[in-house]
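For clarity, every value in this text was computed on a predicted model and none was experimentally measured. So that the names make sense, note that chain A is the first sequence line, chain B the second, and so on, each numbered from 1.
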Protein chains: 2
Amino acid sequence: MEILTPAEENYLKTIFKLTESDGGKAASTNAIAAVLGTAAASVTDMLKRLSAKGLLHYEKHRGASLTERGNELATNLVRRHRLWETFLVMKLGFSWDAVHDIAEQLEHVQSSELVERLDAFLDRPKFDPHGDPIPDTKGRMASRKQVQLSALAVGEKAVVVGVQESQASFLQYLDRVQISLGAALQVLEQFDYDGSMRVAVQGKDEYTFSQKVCENLYVQKTK
Amino acid sequence: MEILTPAEENYLKTIFKLTESDGGKAASTNAIAAVLGTAAASVTDMLKRLSAKGLLHYEKHRGASLTERGNELATNLVRRHRLWETFLVMKLGFSWDAVHDIAEQLEHVQSSELVERLDAFLDRPKFDPHGDPIPDTKGRMASRKQVQLSALAVGEKAVVVGVQESQASFLQYLDRVQISLGAALQVLEQFDYDGSMRVAVQGKDEYTFSQKVCENLYVQKTK
DNA sequence: ATGTTTTTTTAGGCTTGGCTAAAAATATTT
DNA sequence: AAATATTTTTAGCCAAGCCTAAAAAAACAT
């Protein structure tokens, strides 16, 4: 496992995201520069260096795409980022939209044992607080895109697809309020004061769920 | 709050430790170089830069000592380091001697809100797993030097001076086994298998304490 | 007090990861 | 297909943080 600098890791991550969101096409110099907020010339420089290290394929004027090794490292970085975001929200009580910048720093801490223990501490979550899947040690991840119930706006409809923490007491509570995997929900009202929500379950019953419940429930939006 | 690079922070921390352990005398160039593992010439360089930033007093051939501002920043870094070490041991289950290198990285993450929330999450601990005091936001810290009971060797004697987590259930347990603040202990036997210890309490009763108990009990060594 | 040893500083270089300005290659228009 | 516009690369520069080798200052010994 070669060790990369934070800057190198950020390039890999950026190229990873760009190629992913653009169906596997090579990432262009300008696009990378735009994401990282650097000059295009700096990108060209770095692409040469990373290419020499075997982490990406690069040909002049032709953009960059990750090698298998580069992909592995980038996926692992995404894993670290999403685990830290989960930690910040679930354990430290940050709101899910305030954690990105801190996770950007934490993701560069080098220690595979730390990541492994953090994963275990969080009960091996499959999704981060934004609903993005967390890759496992081998880079595999769920493909489903889900969000916390608490992230929905009034009026939105969704289907329950999972829970973050699956303690018996929480599952019993869900049973009590008629919620099971696949249950259809619609947000009727939101109370900023304590983060609770009034929600229609299966189009008939209405319940008010506390913030804690809303954050533990994962849903997929529907129309 | 100016932002320092990790390298700058490390210099401040080193000078902080050196002047502290040497009764306030200025830290010498060579001593700093030895701690950081860098060349003396590099230290001279950096001392000039930090002096220009007003973080330390530096005169040629006369060593360096922190200004008030430098002291503040260094103390805050120590706070962050010790909080992260506490997190790694108490929450992630690292052994207390394996956390230093990881904390060295985590301490450089820039976010005062993160540190504040981490502190709260850990129940505002006063000492880290090595028994060193954790400075509070204003830089104040306990002066007592204490260690976890689990850090003692067979035969060593000590006096109970505090607990890490002070939930009612733990305090009740202590009551049950005759332990209160100031109780005299002597380690009679240690079981590597599960980290438990047989301990003499007040020179008369003997109890076997689980690893969890031994890690939650803070003691001061006696002869 | 003078010479020797140790410590510290200066001088000059190197790498990383940035920058700008100009040149070259590629894409797009007409 | 030629002209124009855009993208990318090259060339040259910079700061941070490190290095080595040599010079200078301070400390120690005789």
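The residue A/T44 sits close to a base: some heavy atom pair falls under 4.0 Å. A/S42 comes within 4.0 angstrom of a base, heavy atoms only. Within 4.0 Å of B/A39, counting heavy atoms only, lies at least one base atom of the nucleic acid.
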- prompt: Stepwise, does the side chain to side chain donor-acceptor pair (under 3.5 Å) test hold for A/H81 with A/D128?
  reply: CA-CA 9 Å; A/H81 183 94; A/D128 74 12; over 6 Å; no

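Taking 4.0 angstrom as the limit, A/R49 places none of its side-chain polar atoms (N or O) nearer than this to OP1 or OP2 of C/dT16.
Rounded to a whole Å, the CG atom of A/N30 is 14 Å from the C1' atom of C/dA25. Atom NE2 in A/H61 sits about 15 Å away from atom P in C/dA23, given to the nearest Å. Rounded to whole Å, the distance from CG on A/L50 to C1' on C/dG17 is 12 Å. For A/N10 and C/dT16, the CG to C1' distance is 14 Å, given to the nearest whole Å.
The nearest heavy atom of DNA chain C to A/G37 and to A/K60 marks one nucleotide each, and the one closer to the 5' end goes with A/G37. In terms of position on DNA chain C, the residue among A/R62 and A/Y11 whose nearest nucleotide sits closer to the 5' end is A/Y11.
Ring centroid separation for the pair B/F94 and B/F87 does not come in under the 6.0 Å cut-off.
In summary, the side chains of A/S28 and A/N30 do not present any donor paired with an acceptor at a separation below 3.5 Å, with no hydrogens or angles considered. With hydrogens and angles left out, the side-chain atoms of A/E9 and A/Q110 include a donor and acceptor closer than 3.5 Å.
Counted within 6.0 Å of NZ on A/K91, heavy atoms from surrounding residues, nucleotides or ligands total more than 12; the atom is thus considered enclosed.
At least one donor-acceptor pair closer than 3.5 Å links the side chain of A/Q186 to the backbone N or O of A/G155.
Note that the first and last nucleotides of DNA chain D, 5' to 3', having any atom under 4.0 angstrom from a heavy atom of chain B are D/dA16 to D/dA26.
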